[in-house]
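This report refers to the structure that appears directly beneath it.
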Protein chains: 2
Amino acid sequence: MTEPSGRRERKKAATRRKIADTALRLFLDRGFDAVGIRDVAAEADVAVTTVFSHFASKEALVFEQDADFERRLTQAVTGRAPDEPLLPALHREVRALVRHCTADSAAPVWRMIDASSALREYEESMRLRHAAALATALAADPALPQTTTACRALARFVIDAYAVAREATDPQTALDEIFRMIEAAWAVTCPAGKSGDPAGT
Amino acid sequence: MTEPSGRRERKKAATRRKIADTALRLFLDRGFDAVGIRDVAAEADVAVTTVFSHFASKEALVFEQDADFERRLTQAVTGRAPDEPLLPALHREVRALVRHCTADSAAPVWRMIDASSALREYEESMRLRHAAALATALAADPALPQTTTACRALARFVIDAYAVAREATDPQTALDEIFRMIEAAWAVTCPAGKSGDPAGT
DNA sequence: GACGGTAACCCTAACCGTTAGCTTTTCAAA
DNA sequence: TTTGAAAAGCTAACGGTTAGGGTTACCGTC
């Protein structure tokens, strides 16, 4: 009801951060699969049930920016300038996300993720949720006359672009290449080719 | 060493089929999440370990055609006529797959799948494996001069087409629409527009 | 400042998918 | 018939996850 005032919230946030930090440290040290939830809980000095009251699953301990990722994607659609074309906005946002997660400082984490099939699968199912959210945002935009089918396809294409680019040797170049494909795909969904690129490159 | 002759193989296959059939029946009756592996084993009159010696996971009991799906996709690429263009071949194959899994007889199974988040996630991670296999097949085709990035993107787009179409109210129309997008996307990856559709529709 | 409600946390004990270790059965080839 | 091996079985456990029920600490109110 009232604002998020108070000590309680701070303590809760502190507990959450302590759990996440402890977990990440242990995971990086010994590998994701070699660390049990009971280890994390003991090291963070909380009960196992407390871990699961803050995080929905063991994998979720690693992907804290989950909600952030999704919000940034949808806001690239809903929050763009009134006359700004869709795809450049999406391209820009995804480029920032790719750059962020291919930074040198993030390398150890991604090495850890790639070493665990559980984490890799979790990441992809996360991405699917993001695609669904993006598809909803696209379908709700009155400036886009496309069908819901086209919106859903575009949403998944954009997520694909992120996923493929992240694993490429040159992520930025790969991303640009895929977005050229996506631009072309999106162009053919325009009833009259309003703001497309009618002549190709 | 010798041919797959004999009673042993038949008995093994019979056990496998009995487990799968029993499992599917129970899942359809009570719902996937409400049936435990121990239930399946008991009802099929086998040990729990036997279930897992035939199927890698509980979810795998539902998706028996897994390998088949993947093989059909890759064969649509590797087994097409020497001068047949790529995308129509893929389009045709995916159309058949969509038709197959949207048949009325398959409806109860898909209702069951959609009712279980575990199954939906499993299906998607299965699809990702298929996309990876398809990407490999595409990259290995000497008739395709595209980059591996483009091949990986195309593979995922094709899987997306299947996934989105399957959930659409009119799967066939949706599939055609998405493949129009994919055709356009693929066209811009051709260095010189060899066999593309140079003027768009 | 005392008070009632409730959110956060703790503990125990389980459930469920999955696997390891080891024994028994069943078939095939000699 | 003997022998080797694949298939199946049993038991017991591991690890993620949850239910149930109790304790503490904070918040808003009197």
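Throughout, a chain's letter reflects where its sequence line sits, starting with A, and its residues are numbered from 1.
Atom CZ in B/R10 sits about 10 Å away from atom P in C/dC27, given to the nearest Å. When the C1' atom of D/dA8 is taken as reference, atom CZ of B/R17 falls 18 Å away, rounded to whole Å. Here the P atom of nucleotide D/dC14 and the CD1 atom of B/I37 are 21 Å apart, to the nearest Å. The nearest whole Å value for the distance from the CG atom in B/L26 to the P atom in C/dG17 is 12 Å. If you take CZ of A/F52 and P of D/dA19, they are 12 Å apart, rounded to a whole angstrom. Spacing between atom NZ of B/K18 and atom C1' of D/dA8 amounts to 13 Å, rounded to whole angstrom units. Distance B/R8 CZ to D/dA8 P: 10 Å, rounded to the nearest Å. Protein atom CD of A/E59 is 15 Å distant from nucleotide atom P of D/dG15, rounded to whole Å.
Residue contacts for B/D45: at a heavy-atom cut-off of 4.0 Å it reaches the sugar-phosphate backbone alone, with no base atom in range. At a threshold of 4.0 angstrom between heavy atoms, the contacts of A/V46 are confined to the sugar-phosphate backbone, with no base atom among them. Within 4.0 Å (heavy atoms only), B/D39 reaches no atom of the nucleic acid at all.
For the pair B/R166 and B/W110, the minimum side-chain heavy-atom distance is below 4.5 Å. Between B/R80 and B/D141 the shortest side-chain heavy-atom distance falls below 4.5 Å.
Regarding contacts with the backbone of D/dA8, a side-chain N or O of B/H54 is found under 4.0 angstrom from either OP1 or OP2. Considering only side-chain N and O atoms, A/T15 lies under 4.0 angstrom from the phosphate OP1 or OP2 of C/dC9. Residue A/K11 places none of its side-chain N or O atoms closer than 4.0 Å to OP1 or OP2 of D/dA25. Taking 4.0 angstrom as the limit, A/T50 places a side-chain polar atom (N or O) nearer than this to OP1 or OP2 of C/dC10.
No salt bridge links A/E64 with A/R17; every basic N to acidic carboxylate O contact stays at or beyond 4.0 Å.
The side chain of A/K58 lies closest to D/dT17, out of D/dT17, D/dA8, C/dC10. Set against D/dT17, D/dA19, C/dA28, the side chain of A/T49 has D/dA19 as its closest nucleotide.
A donor and an acceptor atom, one from each side chain of A/E43 and A/T22, are nowhere located under 3.5 Å apart. Counting only N and O atoms by type, the side chains of B/E177 and A/T147 include a donor and acceptor under 3.5 Å apart.
Toward the 5' end of DNA chain C, the nearer of the two residues A/R38 and B/V35, judged by each one's closest nucleotide, is A/R38.
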